[in-house]
Amino acid sequence: MIDAGTTAVLPVRDYDLAATLGCGQAFRWAQRDGAWEGVIDQRWVRLRSIERGIEATTAHAANDWNWLTDYLQTDLDLGSVLLTFPDDEPMRAAVAHCRGLRLLRQDPWECLASFILSSTKQIVQIQQIIALLCERFGEPLTTPPGAILTRAFPTAERLARASEVELRACKMGFRAPSLLAAARRIASRELDLDSLRHLDVNAAREALVSLRGVGNKIANCALLFAYGFQQAFPIDVWVMKALRQLYFPKRRPTPQRLLNFTSTHFGPNAGYAQQYLFHYMRTRHENPDEQR
DNA sequence: TGCCAGGGCTGGG
DNA sequence: CCCAGCCATGGC
């Protein structure tokens, strides 16, 4: 017996699905025929923006949709978050450029593993590496015919049993030992990612940074995109470019001064503001006619 | 072709 | 504390 699948509408406004799913916080969303296909934990799902909100279709019969509203954060009052952003020219431009961009609430292991693979890689390449990883180590899912994504993100337990050679074959290069070591520490229960939810942001960061190949940037990505610590402020080359060009066009602040600035200037939702700057810097010169 | 990409680690000033 | 070099790989 095959489940018929289910469609529901999540009522929401101020939600830019394309910006949210395509801004480089998650790496497994595929756009096709005006909809977004993805996998959330063990569930295949297709999303489409409609007038009233977001139309969601799953492959299973679904009773509740909490797993999806939690992931998409549709219940968040975005307006009240935007009000906490600094009232300066760069921030106004970034918000105007990508209004409706949301932060997701991802699975900690998938998010952490994904960003371990992200270092000095372009987003397209990160997507390719993760696609290979899922294809080779992910559990098959219930999907409709013709689905692009058919497997779950690999568990830490499964990757812990892989070899470094097998991982390198997924094109991840020098990141392979880091991913393998993280998978082993988490599979062995030496590090419990779920327990970090109950810590404050600094204690949670300290735990993440104890992993080989995880520094402040990658830890902040996991804290922001999986745990919902909205003050966590990842600084990659794009955000650094935003800070230098938009906030410090003349001086060249030391890393320590920069850290001090970002932790005070952007307020309690600094990480949220950071994602607006990131997406703004990456897309502000695109010709609107070339976006599908 | 050469430069760069959602970095982190190590070893030197 | 700060910085350069190194680590794979592929897009542009």
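Order of the sequence lines sets the chain letters (A, B, ...), proteins ahead of strands, with each chain counted from 1.
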**Request:** Using atom CD of A:Q128 as one end and atom C1' of C:dG11 as the other, report the distance to the nearest whole Å.
**Result:** 9 Å

**Fill in**
Rounded to whole Å, CG of A:L117 lies from P of B:dA5 at a distance of 19 Å

**Message:** Taking ring pair (Phe, Tyr, Trp, His ring centres under 6.0 Å) as the cut-off, I'd like each qualifying pair that reaches into residues 204-228 of chain A, sequence neighbours left out, listed once.
**Reply:** A:F115-A:F225

**Asked** To the nearest angstrom, how far is A:I126 atom CD1 from C:dG11 atom C1'?
**Response** 12 Å

Can you give me every donor-acceptor pair (side chain of residues 166-174 of chain A, partner residue at least two apart or in another chain, under 3.5 Å) with its distance?
residue	atom	partner	partner atom	Å
A:E166	OE1	A:S163	N	2.9
A:E166	OE1	A:S163	OG	3.4
A:R168	NE	A:E164	OE2	2.9
A:R168	NH1	A:G173	O	3.4
A:R168	NH2	A:E164	OE2	3.2

**Prompt:** Between A:Q125 (CD) and B:dG7 (P), how many Å, whole number?
**Reply:** 11 Å

**Request:** On DNA chain C, check which nucleotide each of A:V124 and A:T120 is closest to and give me the residue with the more 5' one.
**Result:** A:T120

**Message:** Rounding to an integer number of Å, can you tell me how far A:R282 CZ sits from B:dC4 P?
**Reply:** 16 Å

**Request:** In whole angstrom, give the distance that lies between atom CZ of A:F27 and atom C1' of B:dG6.
**Result:** 6 Å

**Close residues, residues 237-273 of chain A, relative to DNA chain B [heavy-atom separation under 4.0 Å]** = A:V237, A:W238, A:V239

**Message:** Taking the ring centre of each residue, are A:F266 and A:Y247 less than 6.0 Å apart?
**Reply:** yes

**Request:** Under 4.0 Å from any atom of DNA chain B, heavy atoms only: list the residues of residues 164-178 of chain A that qualify, in numerical order.
**Result:** A:F174

**Item:** Interatomic distance, A:I123 CD1 vs C:dG11 P [rounded to whole Å]
**Value:** 15 Å

**Asked** What distance, rounded to whole Å, do you find between the two P atoms, one in B:dG6 and one in C:dG5?
**Response** 23 Å

**Request:** Can you tell me the distance, in whole Å, between the CD1 atom of A:I235 and the P atom of B:dG6?
**Result:** 16 Å

Donor-acceptor contacts, no H, no angles, side chain residues 43-53 of chain A, under 3.5 Å, sequence neighbours left out:
residue	atom	partner	partner atom	Å
A:W44	NE1	A:E37	OE2	2.9
A:R48	NH1	A:D33	O	3.3

**Pairs involving residues 197-211 of chain A, ordered by first then second residue, that meet side-chain hydrogen bond (donor to acceptor under 3.5 Å, both in side chains) (sequence neighbours left out)** = A:R185-A:S210, A:N202-A:R205, A:R205-A:N220

**Evaluation steps, side-chain contact (heavy atoms from CB on, under 4.5 Å), between A:L72 and A:I40** = CA-CA 10 Å; A:L72 292 174; A:I40 300 172; 5.5 Å; no

**Pairwise C1' distance, C:dC2 and B:dA5 [rounded to whole Å]** = 23 Å

Please tabulate, one pair per line, all N/O donor-acceptor pairs under 3.5 Å involving side-chain atoms of residues 235-245 of chain A, not counting sequence neighbours.
residue	atom	partner	partner atom	Å
A:D236	OD1	A:W238	N	3.4
A:D236	OD1	A:V239	N	3.0
A:D236	OD2	A:W238	N	3.3
A:Q245	OE1	A:R284	NH2	3.2

**Request:** Could I get the full list of salt bridge (Lys or Arg N to Asp or Glu O under 4.0 Å) partners for A:R184, not counting sequence neighbours?
**Result:** none

**Prompt:** For DNA chain C, what string of dots and brackets results from 5' to 3' when Watson-Crick and G-U pairs need both distances under 3.5 Å, crossing pairs get [ ], and pairs with another strand get |?
**Reply:** |||||||.||||

**Request:** Check the pair A:T69, A:T74 against side-chain hydrogen bond (donor to acceptor under 3.5 Å, both in side chains), reporting the backbone distance first and the verdict last.
**Result:** CA-CA 5 Å; A:T69 57; A:T74 47; 4.9 Å; no

**Request:** Can you sort out the partners of A:T150 under side chain to side chain donor-acceptor pair (under 3.5 Å), two or more places apart, ordered by chain and number?
**Result:** none

**Asked** Got a sec, which pairs hit ring pair (Phe, Tyr, Trp, His ring centres under 6.0 Å) with one end in residues 73-94 of chain A, sequence neighbours left out?
**Response** A:F85-A:Y276

**Message:** If I compare all heavy atoms of A:S178 with all of A:I116, which pair ends up nearest, and what's the gap?
**Reply:** CB-CG2, 3.9 Å

**Message:** Protein within reach of the bases, or only the backbone? For nucleotides 8-13 of chain B, mark each nucleotide 5' to 3' as B, S or -, using heavy atoms under 4.0 Å.
**Reply:** SSS---

**Message:** In the structure I gave you, are the side-chain heavy atoms of A:F153 and A:D107 within less than 4.5 Å of one another anywhere?
**Reply:** no

**Prompt:** Reckon A:Q127 touches a base, only the sugar-phosphate, or nothing at all at heavy-atom distances under 4.0 Å?
**Reply:** nothing

**Request:** Of all the heavy-atom pairs spanning A:A162 and A:L180, show the shortest one and how long it is.
**Result:** O-CD1, 3.6 Å

